[in-house]
K.L.:
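So that we are looking at the same thing, I have put the structure below in structure tokens.
All chains are named by letter (A, B, ...) in the order of the sequence lines, taking the proteins before the strands, and each is independently numbered beginning at 1. Worth knowing before you read on, the calculation uses all heavy atoms, side chains too, and leaves out hydrogens, waters and symmetry mates.
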2 protein chains.
Amino acid sequence: MPKITFTNLKEDKKKILVDAFLKEFATHTFDDASLTSVVKSLGIAKGSIYQYFDDKLDLFMYLINECTSTKMKYFKDLKREDCSDFWVFFRLLYSEGIKFDLENPLQSHFLHNLVSSLNSPSIKSLYDDLLNQSVAGFEKMIEHEIKLGLFRADLPIKTMGFLLYKSGVAIQEQMQVFGEINPKESIKNNTPVYQGKVDVLLKTVDDYIQLLKRAFDKEL
Amino acid sequence: MPKITFTNLKEDKKKILVDAFLKEFATHTFDDASLTSVVKSLGIAKGSIYQYFDDKLDLFMYLINECTSTKMKYFKDLKREDCSDFWVFFRLLYSEGIKFDLENPLQSHFLHNLVSSLNSPSIKSLYDDLLNQSVAGFEKMIEHEIKLGLFRADLPIKTMGFLLYKSGVAIQEQMQVFGEINPKESIKNNTPVYQGKVDVLLKTVDDYIQLLKRAFDKEL
DNA sequence: TTACTTTATGACTAGTCAGTCATATTTTAT
DNA sequence: ATAAAATATGACTGACTAGTCATAAAGTAA
């Protein structure tokens with residue numbers, strides 16, 4: 001948690017700081033991100049960071065919380081019961097995610113890179129925590145679908161949850177590996193991750209749904 | 001490529017060196033692995049490494065090549081045409097992989113950790129290369145199955161290849177996340193990755209196949 | 001034994017970084 | 001205007017790294 005000193009800061013100064021750190025962590029892993037280089041480019045003293053935060057990890061977790069809570073707002077009106085099936089809901093997660101991306105490019109880039117930045121050895125336990133949380137979330141959804149008699153019930157829910165989570169991550173990694181998006185460039189230009197690539201992303205999501213639907217749905 | 005000096009080394013000395021480095025890279029990412037600490041524990045001079053290899057990356061790639069070529073030997077008799085369908089072949093890749101693991105624990109641990117160790121920023125391009133190679137391999141197999149009329153043909157092969165590759169990686173990550181295997185411990189004890197967990201692994205592979213089969217097979 | 005080649009050495013360079021702390025400046029309240 | 005509280009500073013510590021290089025030792029062939 002940030003210290004009171006940080007909370008007391010004026011909004012515009014806070015934003016300048018947060019944006020600079022978001023950018024750093026959006027382009028580096030946790031270990032590779034250099035607070036030294038950020039304060040240099042901001043023209044503030046190294047010690048200031050430690051007036052605001054306990055340490056590097058405290059700052060990093062603050063950024064995670066800020067961004068996820070912003071993104072969650074885009075999800076709050078999404079309800080499974082308003083959807084004809086799970087996959088409609090699954091797709092809505094992405095289309096709302098795109099809105100978040102277009103309206104909060106920097107935060108979106110940060111979250112987009114989170115999968116990579118979390119790979120640092122020194123924060124392995126944080127990585128594990130977040131992964132377990134995510135997987136648990138998917139497990140719950142799957143359990144619900146099984147209760148509705150819509151998902152197959154012959155396989156371990158944990159396995160289904162894990163694959164579903166990993167597939168979600170694979171979608172965004174695929175966009176990058178296939179060269180559809182270029183985060184490095186778009187961060188430089190302050191443009192969203194999926195700028196001009198919304199259709200490609202949704203097409204990819206639809207393709208994944210075509211695959212996963214068959215894998216998860218109860219056979220008819 | 002290693003220098004001639006390394007090639008000239010006696011086999012037993014070579015093995016001691018290679019094993020020590022395998023262990024280091026099996027327990028750290030590329031950037032986090034410390035050559036300094038390895039030479040210290042080996043009791044040899046820092047400079048020796050640079051009589052044997054150009055640099056850290058040269059050494060790392062030598063280890064990758066050694067281990068993959070060992071593992072490939074276990075695959076060389078596997079032929080798709082000897083299998084009734086792709087999934088039998090897919091499963092054989094894992095059961096042969098287990099043989100490799102049991103007979104070459106250290107090399108297996110190294111390859112097992114490769115997915116993680118490659119995540120270092122300084123070798124991003126190597127990561128990309130190996131990922132593209134792997135995905136391309138899966139694409140070819142999928143293309144073949146489509147020609148045989150066994151896999152669905154309504155989705156991009158690249159997407160199918162990517163998901164299949166990521167699923168393969170997910171299997172081993174799931175084993176670790178679910179606590180079935182404990183690489184850190186087994187490296188210490190010089191035991192294979194899947195020591196006593198062969199059945200769990202094959203069960204997991206079978207579960208994944210149950211999911212992927214439906215996703216990829218042509219509907220009947 | 002001598003001359004030559006191959007191998008081994010480890011102090012050293014030059015660079016990185018997170019985090020500290022005594023001091024100085026600025027802001028606020030009286 | 002003064003005292004007190006809140007912020008900002010940046011030189012410094014301690015710890016780590018890959019890679020270098022002149023020198024020393026060991027091995028080999030005559």
K.L.:
I'd like to know if A:E96 pairs up with A:K71 as an ion pair, taking the criterion as any Lys NZ or Arg NE/NH1/NH2 lying under 4.0 Å from an Asp or Glu carboxylate oxygen.
P.N.:
no
K.L.:
Out of A:F6, A:F110, A:F25, which one pairs with A:Y62 under the ring-ring contact (aromatic ring centres under 6.0 Å, His included) rule?
P.N.:
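With A:Y62 as partner, A:F6, A:F110, A:F25 yield a single ring-ring contact (aromatic ring centres under 6.0 Å, His included), made by A:F6.
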K.L.:
OP1 or OP2 of C:dA8 versus the side-chain N and O atoms of B:S48: is any pair under 4.0 Å?
P.N.:
no
K.L.:
Going by heavy atoms closer than 4.0 Å, what residues in residues 117-127 of chain A are next to DNA chain C?
P.N.:
none
K.L.:
Respond yes when some side-chain nitrogen or oxygen of A:T5 is under 4.0 Å from OP1 or OP2 of D:dA6, and no when none is.
P.N.:
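No.
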K.L.:
Respond yes when some side-chain nitrogen or oxygen of A:Y52 is under 4.0 Å from OP1 or OP2 of D:dA8, and no when none is.
P.N.:
yes
K.L.:
Using a 4.0 Å cut-off on heavy atoms, which residues in residues 53-64 of chain A reach DNA chain C? List them by number, or say none.
P.N.:
A:D55, A:K56
K.L.:
Tell me whether the OP1 or OP2 atom of D:dT20 has a side-chain N or O from B:Y50 closer than 4.0 Å.
P.N.:
no
K.L.:
The side chain of B:K46 lies closest to which of these nucleotides: C:dG10, D:dT7, C:dT9?
P.N.:
C:dG10
K.L.:
Quick check: closest heavy atoms across B:I123 and B:S117, and the distance to 0.1 Å?
P.N.:
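Smallest heavy-atom distance, with atoms named: CD1-O, 4.0 Å.
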K.L.:
With a 6.0 Å cut-off on ring centres, are B:Y94 and B:W87 close enough?
P.N.:
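Here the rings of B:W87 and B:Y94 have centres that are no less than 6.0 Å from each other.
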K.L.:
Should B:D128 and B:K124 count as an ion pair when the cut-off is N to O under 4.0 Å?
P.N.:
yes
K.L.:
Using a cut-off of 4.0 Å on non-hydrogen atoms, how would the nucleic acid contact of B:K10 be classed: base, sugar-phosphate, or nothing?
P.N.:
nothing
K.L.:
Using a strict cut-off of less than 4.0 Å between a Lys/Arg side-chain nitrogen and an Asp/Glu carboxylate oxygen, indicate whether A:D199 and A:K203 qualify as a salt bridge.
P.N.:
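A:K203 and A:D199: not salt-bridged.
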K.L.:
If you take any heavy atom closer than 4.0 Å to DNA chain C, which residues from residues 30-45 of chain B end up in contact?
P.N.:
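The stretch gives B:I44, B:A45 as the residues lying under 4.0 Å from the strand, ordered by number.
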K.L.:
Please give, in whole Å, the distance from C:dA8 C1' to B:N8 CG?
P.N.:
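The answer, rounded to whole Å, is 14 Å.
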